[in-house]
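Since the structure comes first, as structure tokens, the remarks are kept for the end.
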Amino acid sequence: MESFLIKGGVPLHGEVQISGSKNAALPIMAATLLTDEPCVIRGIPDLSDTRFMAEILKSLGAEVKFQNGTLTVRAKKIRGYADYELVRKMRGSICIAGPLLARLNKTRISLPGGCVIGARPINLHLKGFESLGAKIKIEGGYVEASAKKLSGSTMFLGGRAGSTVLGTANVMMAATLADGVTVIESAACEPEIVDLANFLIEMGANMSGAGSPTITISGVKKLHGAEHEVIPDRIEAATFAIAAAATNGEIEIKNCRADHLRAVLDKLIDAGVSIQPRNGNLTVRRGKNLKAVDVTTLPYSGFPTDVQAQMTALLALAPGISIVTERIFESRFMHVSELARLGADIEIEGPSAIVKGGRPLSGAPVMASDLRASAALVIAGLAAKGATQVNRIYHLDRGYEKMDLKLRKLGARIQRIEEK
Ligand code: EPZ
């Protein structure tokens with residue numbers, strides 16, 4: 001297994017180019033199953049998750065070509081079955097269910113199971129499919145959904161933590177080919193949902209309201225092929241902004257949509273970070289000194305849960321007490337015990353992490369546990385004095401394209417090594 005070996009204490013300087021959004025790319029890749037015509041998607045980040053999704057599309061019978069960030073898919077003849085071996089490796093693959101149900105009126109998919117950050121149920125996805133007239137059967141770890149013909153309906157998709165991103169994506173995609181009108185109340189408002197809606201509209205879908213809590217879809221007979229460029233990855237942009245602040249550097253973030261990051265930029269400014277938007281890029285540097293702030297994760301446009309771990313790492317450096325509250329997932333503090341190995345003073349109290357910040361961090365070997373926790377450990381290692389080895393960085397490779405290369409270009413001393 002591979003690790004990152006980081007020699008910390010170097011302020012980051014220079015420019016970083018943000019890749020396309022993983023969380024926009026995955027549902028858009030699944031949406032290509034909705035038509036038998038060719039689709040071309042550009043700006044797809046080269047990650048293990050996107051390569052895996054391309055494998056899944058191939059396993060379903062689609063012709064797939066994926067190179068230099070451009071994916072060409074033609075789902076001429078496809079089957080509706082995805083087995084456990086495929087789905088268990090990436091929870092996000094559940095978003096093929098909606099397109100398969102819409103295209104074939106039947107699909108059988110392994111239940112995705114949970115992951116380290118939470119149980120990851122799909123009850124809201126299934127509620128949406130049932131509301132469209134599908135029969136749902138769960139047995140042997142598989143979910144089977146079938147319908148003579150999907151028919152539009154009005155549904156409420158809010159759950160234990162508010163809206164569901166992939167649940168909204170799945171139901172939106174299924175509704176594009178249903179008879180009649182579907183109204184999704186308490187829909188997710190994330191920019192990735194808007195990007196998916198834009199692609200579906202380019203395919204000939206008839207919908208409005210994406211980005212708001214109410215999305216209305218009028219089913220059409222057929223969708224045609226389309227071309228699309230994926231939006232920039234707002235979580236990657238936030239991760240690099242936080243790394244610049246943590247190392248007391250100054251970087252320019254290129255290909256970044258500041259309007260997708262309002263909550264993060266607002267919180268960073270409160271924490272003493274200077275952010276200058278300049279013709280589509282962001283210049284980020286630490287101001288005089290970091291300040292303790294409180295953060296609560298919420299559905300969009302609130303502070304994103306996918307930036308919580310990275311922000312916690314930054315606040316470990318900010319003198320004072322910061323309270324970080326995780327409202328989306330039930331156990332997304334796996335990074336805290338590893339940050340403690342670098343000297344961070346953080347206590348977990350229920351859904352909150354109480355961060356007593358300001359002590360300098362010192363390098364140590366740490367273990368990555370999930371995608372964003374790994375990013376937090378890299379950030380802390382970049383800020384810590386001495387050497388930090390972040391092990392099991394396959395977690396990181398799922399969601400960050402060439403992170404070590406991008407960081408080295410910013411002056412970081414980071415090497416990818418074989419874990420001894
Ligand atoms: C998407 O996951 C993202 N993944 C996650 O990013 C992100 O953290 C999450 O949205 C929240 O923003 C992709 O887009 C591929 P949810 P998703 O359904 O859609 C509960 C990353 O690091 N819920 O919005 O699976 C659920 O338990 C990843 O890039 C139900 O109760 O998340 C959670 O508490 C991690 N029932 C909350 O809703 C359901 O049927 C939000 O989950 C579905 C979800």
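Both ligands and their constituent atoms are indexed starting at 1 by order of listing. Only heavy atoms go into these numbers, but all of them, side chains included; no hydrogens, no water, no symmetry mates.
- Annotation for ligand 1: atoms under 4.0 Å from non-hydrogen atoms of L371 are 22 (O), 29 (O).
- Looking only at protein heavy atoms, the nearest one to atom 34 (O) of ligand 1 is R160 NH1, 2.3 Å.
- The residue among V307, D306, L126 with a heavy atom at the shortest distance from atom 8 (O) of ligand 1 is D306.
- The closest approach between E192 and ligand 1 stays at or above 4.0 Å for every heavy atom of the residue.
- Judged by the 6.0 Å distance and 45° axis criteria, R108 is positioned over the aromatic ring of Y142.
- Residues T70 and I41 fail the side-chain proximity criterion, which asks for heavy atoms closer than 4.5 Å.
- Distance from atom 24 (O) of ligand 1 to its nearest protein heavy atom, with residue and atom name: V165 N, 2.8 Å.
- Note on ligand 1: P121 sits in its first shell, one or more heavy atoms being nearer than 4.0 Å.
- Within the listing of ligand 1, atoms 40 (O) sit less than 4.0 angstrom from a heavy atom of H125.
- Partners of T283 by side chain to side chain contact (heavy atoms under 4.5 Å, CB included), not counting sequence neighbours, listed by chain and number: E250, E252, Q276, R278.
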| message | salt bridge (Lys or Arg N to Asp or Glu O under 4.0 Å), that's the test. Do R332 and D306 meet it? Break it down for me. | response | CA-CA 9 Å; R332 200 167 197 175; D306 292 350; 2.7 Å; yes
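- T305 CG2, 3.9 Å is the protein heavy atom nearest to atom 11 (C) of ligand 1.
- Between N170 and H125, the side chains place a donor N or O and an acceptor N or O closer than 3.5 Å (distance only, hydrogens not considered).
- In this structure, E63 does not pair ionically with K58, as no charged nitrogen and carboxylate oxygen lie closer than 4.0 Å.
- Of the candidates G159, S163, G158, G118, S163 brings a heavy atom nearest to atom 38 (O) of ligand 1.
- Inclusion of L166 in the set of residues having an N or O under 3.5 Å from an N or O of ligand 1 is warranted.
- Heavy-atom neighbours of K135 NZ from other residues, nucleotides or ligands within 6.0 Å: at or below the threshold of 12.
- Geometrically, ligand 1 and E190 share no nitrogen or oxygen pair separated by less than 3.5 Å.
- Heavy-atom proximity to L124, at under 4.0 Å, picks out these atoms of ligand 1: 30 (C), 36 (N), 39 (C), 40 (O).
- When only non-hydrogen protein atoms are considered, atom 15 (C) of ligand 1 lies nearest to N23 OD1, 3.3 Å.
- The shortest contact between atom 22 (O) of ligand 1 and any protein heavy atom is with R372 NE, 2.9 Å.
- Between T305 and R327, the closest side-chain pair of non-hydrogen atoms is not below 4.5 Å.
- Less than 4.0 angstrom separates some heavy atom of K22 from each of these atoms of ligand 1: 21 (C), 29 (O).
- Considering only non-hydrogen protein atoms, atom 32 (O) of ligand 1 sits nearest to F329 CZ, 4.1 Å.
- Scanning R332, R327, R91 for the heavy atom closest to atom 35 (C) of ligand 1 points to R332.
- With values rounded to the nearest 0.5 angstrom, S3 atom OG is found 4.0 Å from Q389 atom CD.
- Taking a cutoff of 4.0 Å between a charged side-chain nitrogen and a carboxylate oxygen, D404 and R416 qualify as a salt bridge.
- Considering only non-hydrogen protein atoms, atom 17 (P) of ligand 1 sits nearest to R120 NH2, 3.9 Å.
- Taken to the nearest 0.5 Å, the CD atom of Q310 stands 11.0 Å off from the CZ atom of F240.
- Note: an N/O pair closer than 3.5 Å links I328 and ligand 1 by distance alone.
- For atom 36 (N) of ligand 1, the nearest non-hydrogen atom of the protein is N123 OD1, 2.7 Å.
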| request: List the steps, then state whether salt bridge (Lys or Arg N to Asp or Glu O under 4.0 Å) holds for K22 with E192. | output: CA-CA 9 Å; K22 164 180 87 79; E192 293 75 28; over 6 Å; no
